[in-house]
Amino acid sequence: QVQLVESGGGLVQAGGSLRLSCAASGRTFSNYAMGWFRQAPGKEREFVASINWNSRRTYYADSVKGRFTISRDNAKNTVALQMNSLKPEDTAVYYCNAVNSITWSTPAFDSWGRGTQVTVSS
C-alpha cells in the first residue's frame with residue numbers, strides 16, 4: 001500500500017495561484033502513474049490530472065486544462081499540482097492517488113489520504 005499526505009491548500013482569491021504537494025511512502029513510488037482528484041461539497045470525487053511514471057505523459061480534466069500543471073519528483077517521492085487562474089468552482093478537497101495507467105483518470109488504490117482544502121473566494 002502507498003501512504004499519501006497532501007499539503008499546500010488554503011484560501012485564495014479568484015485568479016490567484018496555489019501549489020499542492022503530495023508525499024508518498026510505502027511502495028516504490030516511481031512504479032506508479034499518479035494523479036490528483038478533488039471533491040467539492042455535495043459532489044462526487046472527480047479526476048483532475050494525472051502523470052505517468054517518467055513525466056512524459058500528462059492528462060487533465062477539461063475544466064482545469066491550461067490552468068493546472070501536474071509534475072512529479074521520483075527522487076523525493078512527491079507529486080505536485082500547480083494551480084493558476086483559480087476559480088470559485090475549483091473549491092474542493094484535493095487528494096492524490098496512484099492512477100490506473102489504462103484509463104489515466106481512475107484511482108488505483110481504494111485508500112485515500114486526508115486531502116488538502118482549497119477554497120477560492122470570488
Side-chain angles (χ1 to χ4, degrees):
Q1 195 74 346
V2 176
Q3 288 77 45
L4 304 162
V5 179
E6 301 90 350
S7 62
L11 173 63
V12 64
Q13 288 189 330
S17 298
L18 281 174
R19 184 176 178 84
L20 307 184
S21 183
C22 170
S25 61
R27 294 185 177 180
T28 305
F29 175 78
S30 59
N31 286 351
Y32 296 95
M34 296 295 295
W36 285 93
F37 300 81
R38 67 187 182 187
Q39 187 168 20
K43 294 188 177 181
E44 297 288 320
R45 186 148 39 199
E46 64 176 4
F47 165 75
V48 175
S50 60
I51 187 168
N52 81 321
W53 72 275
N54 63 2
S55 304
R56 290 183 180 178
R57 292 184 176 184
T58 56
Y59 302 87
Y60 297 93
D62 288 342
S63 58
V64 308
K65 204 170 292 184
R67 300 187 297 122
F68 291 11
T69 303
I70 189 171
S71 61
R72 67 188 294 163
D73 185 336
N74 288 341
K76 296 181 179 179
N77 285 3
T78 58
V79 58
L81 186 69
Q82 177 66 43
M83 305 188 297
N84 299 327
S85 302
L86 282 161
K87 304 176 180 180
E89 51 263 44
D90 294 319
T91 295
V93 179
Y94 284 70
Y95 303 87
C96 65
N97 205 332
V99 298
N100 182 302
S101 57
I102 295 176
T103 68
W104 296 102
S105 59
T106 52
F109 300 130
D110 292 333
S111 63
W112 297 84
R114 292 188 173 183
T116 186
Q117 175 71 48
V118 172
T119 303
V120 185
S121 63
S122 57

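Here the structure is a predicted model, which means the values were calculated and not measured.
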Can a donor-acceptor pair be found, under 3.5 Å and without considering hydrogens, that links the side chain of [X] to the backbone of [Y]?
X: Thr91; Y: Val120; answer: yes
X: Asn74; Y: Asn54; answer: no
X: Tyr60; Y: Ile70; answer: yes
X: Ser50; Y: Trp104; answer: yes
X: Arg57; Y: Asn52; answer: no

Would you check if Phe109 and Leu4 make a side-chain contact, meaning some heavy-atom pair closer than 4.5 Å?
->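 Not in contact.
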
Using a 4.5 Å cut-off on heavy atoms from C-beta on, say whether the side chain of Arg38 contacts that of Leu81.
->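 No, side chains not in contact.
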
Flag the pair Lys65 and Asp62 as a salt bridge only when some basic side-chain nitrogen lies within less than 4.0 angstrom of an acidic carboxylate oxygen.
->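 Counted as a salt bridge, because a side-chain N and a carboxylate O are separated by less than 4.0 Å.
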
Heavy-atom pair of closest approach, residues [X] and [Y]:
X: Trp112; Y: Arg45; value: NE1-NH2, 3.3 Å
X: Val118; Y: Leu18; value: CG1-CD1, 3.9 Å
X: Gln117; Y: Val93; value: OE1-CG2, 3.2 Å
X: Gly8; Y: Thr116; value: N-OG1, 3.8 Å
X: Ala33; Y: Ser101; value: CB-CB, 4.4 Å
X: Ala14; Y: Ser122; value: CB-CA, 4.4 Å

Out of curiosity, [X] [atom1] to [Y] [atom2], how far, rounded to the nearest 0.5 Å?
X: Thr28; Y: Trp53; atom1: OG1; atom2: CH2; value: 12.5 Å
X: Tyr32; Y: Asn97; atom1: OH; atom2: CG; value: 10.5 Å
X: Arg114; Y: Ser7; atom1: CZ; atom2: OG; value: 13.5 Å
X: Arg72; Y: Cys96; atom1: CZ; atom2: SG; value: 10.5 Å
X: Phe47; Y: Thr103; atom1: CZ; atom2: OG1; value: 8.5 Å
X: Met34; Y: Thr78; atom1: CE; atom2: OG1; value: 9.5 Å

Hydrophobic clusters here meaning ILVMFWY residues chained together by side-chain heavy-atom distances under 4.5 Å, can you tell me if [X] and [Y] are in one?
X: Leu20; Y: Ile51; answer: yes
X: Met83; Y: Val12; answer: yes
X: Val79; Y: Phe37; answer: no

Hey, which of Tyr59, Tyr95, Trp36 is the one that makes side-chain contact (heavy atoms from CB on, under 4.5 Å) with Val48?
->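 Exactly one pass, corresponding to Trp36.
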
Ser21 vs Lys76, side-chain contact (heavy atoms from CB on, under 4.5 Å): CA-CA, chis, key distance, verdict | CA-CA 11 Å; Ser21 183; Lys76 296 181 179 179; over 6 Å; no

